[in-house]
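For reference, the structure is listed below as structure tokens.
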Amino acid sequence: MSALTKDQIADLLESIAQMLELKGENVFKIRAYTNAARAIETYSGDLAKAAGENRLAEISGVGKAIADKLTELIVTGHLMYYENLKAEFPPGIFEMFDLQGIGPKKIKALWEKLNVTTIAELEKACKDGRVAALSGFGKKTSDNILAAIQSRAKHAGRFRLGEIAKDAERMLEELRGLPDVLQACVAGSYRRNKEVVGDLDFIVATNSPAEVSEFFVKHEMVESVIANGATKSSVRLKSGIQADLRVIKNTEFPFALNYFTGSKEHNIIMRQRALARGWTLNEYRLGPLENSKSEPPPPIHEERDLYRALGLDYVEPELREDRGEFAAAEKHTLPDLIEKENLRGTFHNHTTASDGRNTLAEMVEAAQELGLQYLGIADHSKASFQAHGLDADRLLAQVAEIRELNKTFGGDFKIFAGSEVDITKEGALDFPDEVLAQLDYCVVSVHNVFNLTEAEMTKRIIKAIENPYVTMLGHLTGRLLLSREAYQVDHAAVIEAAAATGTIIELNANPRRLDMDWRWWPLAKEKGVKCAINPDAHSTSHLQYLHFGIGIARKGWLTRADVVNTLPLGKIEAVLQAKRNAKK
DNA sequence: GCCGTTTTCGGCCCGACTGTTTTCAGTCG
């Protein structure tokens, strides 16, 4: 059998935590398993190796007991403790954890008292009144459970950032426009630029909380009101996403903004750092601990002051994931993250020649309007027949057309002629080298045969990027967020090969892809692999996707220097040629 | 179950809202 991935191991630990919750175990023991799952997920070393050398307990958050269990799991592929625990519960019961408003205690009561073990049975029990009659429950709880079941069926509770950005920005703008609003911001995973978000968190500083809350819950985008208290309101928007509003005083704004931006893991460490200094931190203030003899904390006017007070450089929201930002902020080695304004051009864009909706001329005009200096055209190759892929004749005709068009720009704009070349199942390319040699650059991508083993897929991609004419690798994993799983591929091995061959890796900025994932960019950067942020635009409006790509690049700790399309005309050409020149 | 400038026991981040119950448990973030 193939080795377990870190994510699979982390999932198993999470699953243990969930089962311990159902058993009503000590909450700190449960947290220990959750923490360990988190530690495994973010561990940068080789787990199998660490297990072999008996070093798992060296990982912070993994002690002796969990280290022993992990060793058993890694060595044998099984964990008796987990198997035994799992046998105690009906298999369908875990899906009930997905429902908003019920947790382990209620799930346990439903199971023990009503013998409800699946969501389908739960729905029935709500409808025939058995849930409402249960002690500790009631009519409202029963109704809320039914609503949660329907909501889950409809939305699954997760949304791509790119698709709810419009709602978020509109609500924010209108909140900021209210006369009583002093400051407003969207916090949460939206502010951290996560690729997928579960809800929207609006933070508003005001002296008129009731008026602001009323505006929020009665907004025309709102479908239903979930909660409406003095400081917190929750609604479901018509788009399906849940939105929360926190109203606070102006002096509390930096604390609320920081707290609700998260991540939860980041917050815990912030609070621990406050405690270590004799202070307590919450969403309203940084204050002295009771009976503490420490100096009182300094005044805080904005988030930056808070980080300084805790001995840290300012941490950009995208980096607040407890993935090394605290160590870097202490040592003043946080990266100077790339900004939207740094982009000078982009590659991987389609036209009507393959499956794009706009012509070459229209795409050029749109790129110029965005202030870009250059635009790379990479239409599909012939193997992607479903996308009207170009054969060599059509491609070379397009190259000639681009060369002619370039003469009209007088040097202040340039189209680069490229192609998005299919990688065959065997790792060969869809065009021979003689054709590729006539292009300015070439993107290679996998578009079919997704079901290879990880080893086969990795070999396929590495073989493709070993070709000296391949400038960059397109959407590494082929994932479509929330709709299609990534195919199996060894990221670290591909990054290694990209470093060895001088191949650029694309950060596909289409909000459905955002691929390569942000979690892998720090490794790519460490290995010296460059990034190209590409919108994979199939229409002029898709060029706007670059914005989402910047967010993910920032999340991946990338600076201007790590991203090739920040280079101006005059410098970018040499980068596109570097790999094929090196092989000559 | 983890961890240690409070160091091998005793704490572990902290507050808001809802619903059911009548002073608080459960859930969420």
Side-chain angles (χ1 to χ4, degrees), chain A residues 13 16-17 20-21 24-39 56-70 81 96-110 131-145 147-148 157 187-189 192 197-203 209 213 225-235 242-248 252 255-256 258-287 289 291-294 322:
Chain A
L13 289 171
I16 290 176
L20 295 179
E21 277 193 306
E25 262 285 3
N26 177 311
V27 291
F28 298 109
K29 181 170 168 179
I30 294 165
R31 189 180 298 170
Y33 277 94
T34 310
N35 287 343
R38 173 81 197 165
L56 284 174
E58 288 173 18
I59 301 171
S60 173
V62 176
K64 178 158 187 342
I66 294 182
D68 286 348
K69 291 187 176 74
L70 289 179
Y81 175 72
M96 285 196 268
F97 277 95
D98 293 343
L99 297 173
Q100 282 273 320
I102 67 171
K105 298 280 162 46
K106 286 204 166 78
I107 292 172
K108 193 175 180 213
L110 289 163
V131 171
L134 213 52
S135 87
F137 286 69
K139 175 84 168 66
K140 282 210 164 168
T141 302
S142 176
D143 289 349
N144 286 344
I145 292 174
S189 50
R192 303 200 314 277
V197 303
D199 63 5
L200 294 172
D201 299 286
F202 296 93
I203 311 297
S213 297
V225 179
I226 300 165
N228 189 7
T231 66
K232 179 193 168 180
S233 303
S234 287
V235 297
Q242 181 175 326
D244 297 341
L245 170 75
R246 314 277 172 159
V247 283
I248 35 99
E252 296 165 340
F255 305 104
N258 187 255
Y259 181 85
F260 290 110
T261 295
S263 63
K264 200 168 72 183
E265 292 78 13
H266 183 90
N267 286 353
I268 287 170
I269 296 176
M270 292 290 278
R271 286 178 180 223
Q272 287 168 346
R273 293 186 72 96
L275 286 175
R277 285 162 177 75
W279 306 327
T280 175
L281 173 65
N282 60 29
E283 58 262 56
Y284 302 111
R285 69 193 64 86
L286 177 65
L289 274 176
N291 304 324
S292 167
K293 295 188 184 75
S294 307
D322 188 22

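Numbers restart at 1 for each chain; the letters A, B, ... are given by sequence-line order, proteins then strands. FYI, side chains are in, hydrogens and waters are out, and symmetry mates aren't considered; it's all heavy atoms of this structure.
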Legend entry - Nearest-Å distance for atom pair CG/C1', residues A:L110 and B:dG26: 13 Å
Inset, instruction - May I ask you to say what A:V62 touches in the nucleic acid, namely base, sugar-phosphate or nothing, with a heavy-atom cut-off under 4.0 Å? - result: sugar-phosphate
Legend entry - Min side-chain heavy-atom separation A:L70-A:L13 under 4.5 Å: yes
Inset, instruction - Side chain of A:A65 only, please: which of B:dA16, B:dC2, B:dC12 is the nearest? - result: B:dC2
Inset, instruction - In whole angstrom, give the distance that lies between atom OH of A:Y33 and atom C1' of B:dC12. - result: 17 Å
Inset, instruction - Could you work out which one of B:dG1, B:dG15, B:dT18 sits closest to the side chain of A:Y284? - result: B:dG15
Inset, instruction - Can you figure out which of B:dC13, B:dG19, B:dG15 approaches the side chain of A:N282 most closely? - result: B:dG15
Legend entry - Short side-chain to backbone donor-acceptor contact, A:R38 and A:T34, under 3.5 Å: no
Inset, instruction - Under 4.0 Å between any heavy atoms, over every strand shown, what does A:N228 touch: base, sugar-phosphate, or nothing? Just pick one. - result: sugar-phosphate
Inset, instruction - Output yes when at least one side-chain N/O atom of A:T141 is less than 4.0 Å from OP1 or OP2 of B:dT20, else no. - result: yes
Legend entry - Flag side-chain contact, heavy atom, 4.5 Å: A:M270 against A:Y259: no
Inset, instruction - In whole angstrom, give me the gap between the P atoms of B:dT20 and B:dG26. - result: 14 Å
Legend entry - Separation between the C1' atoms of B:dT23 and B:dT18, rounded to whole Å: 15 Å
Legend entry - Note, A:F255 side chain near A:N282 side chain (heavy atom, < 4.5 Å): no
Inset, instruction - Give every residue pair that meets the salt bridge (Lys or Arg N to Asp or Glu O under 4.0 Å) criterion with at least one member in residues 26-36 of chain A, sequence neighbours excluded. - result: A:E25-A:K29
Inset, instruction - Report which part of the nucleic acid A:A36 touches: base, sugar-phosphate, or nothing (heavy-atom distance under 4.0 Å, all strands). - result: nothing
Inset, instruction - Any strand is fair game: report the nucleotide pairing with B:dC9 by Watson-Crick or G-U wobble, both distances under 3.5 Å, or none. - result: B:dG4
Inset, instruction - Considering non-hydrogen atoms only, spot the tightest contact between A:A67 and A:V62 and give its length. - result: N-CG1, 3.7 Å
Legend entry - Side-chain heavy atoms of A:T231 within contact of A:I248, under 4.5 Å: no
Inset, instruction - Output yes when a side-chain donor or acceptor of A:N258 lies under 3.5 Å from a complementary backbone atom of A:T261, and no otherwise. - result: no
Inset, instruction - Could you tell me the separation between the CD1 atom of A:I268 and the P atom of B:dG15, rounded to a whole number of Å? - result: 14 Å
Inset, instruction - Can you tell me the distance, in whole Å, between the CD1 atom of A:I226 and the C1' atom of B:dA16? - result: 15 Å
Legend entry - A:N258 CG - B:dG15 C1' separation (whole Å): 15 Å
Inset, instruction - Quick one: label A:S234 by what it contacts on the DNA or RNA (base, sugar-phosphate, nothing), any heavy atom closer than 4.0 Å. - result: nothing
Inset, instruction - Determine: side-chain N/O of A:N144 to OP1/OP2 of B:dG19, distance under 4.0 Å, yes or no. - result: yes
Legend entry - Expected output: side-chain A:S189 to main-chain A:R192 donor-acceptor under 3.5 Å: no
Legend entry - Same-atom distance (P) from B:dT22 to B:dC13, integer angstrom: 31 Å
For nucleotides 9-11 of chain B, which of its nitrogen or oxygen atoms have a protein nitrogen or oxygen under 3.5 Å away, and what is each distance?
none

Inset, instruction - Give a yes/no on whether any side-chain N or O of A:T280 is located under 4.0 angstrom from OP1 or OP2 of B:dC13. - result: no
Legend entry - Atom-to-atom span, NZ of A:K64 to C1' of B:dC2 - whole angstrom: 14 Å
Legend entry - Pairwise P distance for B:dA16 and B:dG11, with rounding to whole Å: 24 Å
Short N/O separations, protein against nucleotides 27-29 of chain B, under 3.5 angstrom:
unit_1 : atom_1 : unit_2 : atom_2 : d
B:dT27 : OP1    : A:G103 : N      : 2.6
B:dT27 : OP1    : A:G103 : O      : 3.0
B:dT27 : OP1    : A:K106 : N      : 3.0
B:dT27 : OP2    : A:K105 : N      : 3.2
B:dT27 : O5'    : A:G103 : N      : 3.3
B:dC28 : OP1    : A:G101 : N      : 2.7
B:dG29 : N2     : A:Y259 : OH     : 2.6

Inset, instruction - Report the residue (A:S142 or A:A67) whose heavy-atom-nearest nucleotide on DNA chain B is the more 5′ of the two. - result: A:A67
Legend entry - Distance, rounded to the nearest Å, where A:L56 contributes CG and B:dC2 contributes P: 12 Å
Legend entry - Atom P, compared across B:dC2 and B:dT6: separation rounded to whole Å: 22 Å
Legend entry - A:N26 CG - B:dC2 P separation (whole Å): 12 Å
Inset, instruction - Check whether any side-chain heavy atom of A:S213 lies under 4.5 Å from a side-chain heavy atom of A:L245, and answer yes or no. - result: yes
Inset, instruction - Find out whether A:I226 and A:Q100 are in side-chain contact, i.e. whether some heavy atom of one side chain is under 4.5 Å from a heavy atom of the other. - result: no
Inset, instruction - Quick one: label A:K69 by what it contacts on the DNA or RNA (base, sugar-phosphate, nothing), any heavy atom closer than 4.0 Å. - result: sugar-phosphate
Inset, instruction - Tell me what A:G262 touches on the nucleic acid: a base, only sugar-phosphate, or nothing, going by heavy atoms under 4.0 Å. - result: nothing
